[in-house]
Amino acid sequence: MRSNPNNLVSNPQPIYQNPPTLPLVLGVSGASGLIYAVRALKFLLAADYAVELVASKSTYMVWQAEQNIRMPVETLQQEQFWRQQAGVEAQGKLRCHHWGDVGANIASGSFRTLGMVVIPCSMSTVAKLAAGLSSDLLERASDVQLKEGRKLVLVPRETPFSLIHLRNLTTLAEAGARIVPAIPAWYHKPQTVEDLVDFVVARALDQLDIDCIPIQRWQGRD
């Protein structure tokens, strides 16, 4: 299936016209599938959301492997980088955090947020979260959502799942996380790679009551 950046889906009008003032935490782990994070950020910024983004250390290597691109380490340069990749220059608010800055605002439960989505989410991240480990800012910010009873959405990108993976995901689901595997649907008749990706992103953001992606939703049979 070809990728068509000029497809109508790539340039939508935001559906959610009045986004709340609280920010959303966007975590990007070292799993394959960075396009999921880029498309999520694109729609959130285009809909004027405030996004606090933290990418894990492994994400730097994934950018190099998937796109042959170097992601900047310095946070201000990262903000420009992510905006460039998402194709949104000025809309919304974006603040990037270094993976090792465990003293950042999103590391504290007293910093209020809409919740957090980790997209894509590696099995290493899943395992650490299931064990209650916080070895970097992404893991700490995720742990904060759980302990504060806020929404945490994980989008695992792995196949097949081992029994260990499934048990870790079950542990997190029991702790309150929402698990949204990167599995697209076909009833909306996708025509491009972006159509498939956007369906998954939309379903992940649905768990946070965020509707800013114009996908064709199932309406039942006539």
Exercise. In terms of hydrophobic clusters joined by side-chain contacts under 4.5 Å, are I213 and W218 together?
Worked result: yes
Exercise. Under 4.5 Å between side-chain heavy atoms, hopping through other hydrophobics if needed: is there a path connecting L152 to V117?
Worked result: no
For this session: Count the heavy atoms belonging to other residues, nucleotides or ligands that lie under 6.0 Å from NZ of K147, then report whether that count exceeds 12.
Result: yes
Exercise. Is it the case that one hydrophobic cluster holds both L45 and L205, taking links as side-chain heavy atoms less than 4.5 Å apart, direct or via other members?
Worked result: yes
Exercise. Which distance, rounded to the nearest 0.5 Å, do you find between the OH of Y60 and the CH2 of W99?
Worked result: 8.5 Å
Exercise. Could you state the interatomic distance from CD1 (I179) to SG (C121), rounded to the nearest 0.5 Å?
Worked result: 7.5 Å
Problem set entry | D209 with K151: basic N within carboxylate O range, under 4.0 Å | yes
Seminar exercise, completed: dist L154:CG -> S122:OG (nearest 0.5 Å) comes out at 10.0 Å
Exercise. Are R83 and E89 within salt-bridge range, i.e. N to O under 4.0 Å?
Worked result: no
Exercise. When you check the gap from the basic side-chain N to the acidic O, do D211 and R217 get nearer than 4.0 Å?
Worked result: yes
For this session: Mind checking the CZ-CG spacing from R178 to D206? Nearest 0.5 Å is all I need.
Result: 10.5 Å
For this session: Please report the shortest heavy-atom distance between V118 and S142, naming the atom on each side.
Result: CG2-OG, 3.7 Å
Exercise. So, for W82 and W63, is the gap between ring centers shorter than 6.0 Å?
Worked result: yes
For this session: Say whether E148 and T113, considering side chains only, have a donor N or O and an acceptor N or O under 3.5 Å apart.
Result: no
Problem set entry | Contacts of type ring pair (Phe, Tyr, Trp, His ring centres under 6.0 Å), residue F199, not counting sequence neighbours | Y187, H188
For this session: Kindly compute the distance separating CD (Q85) from CE (M71), expressed to the nearest 0.5 Å.
Result: 10.5 Å
Exercise. Is there a path from M123 to I183 through hydrophobic residues (I, L, V, M, F, W, Y) whose side chains come within less than 4.5 Å of each other?
Worked result: no
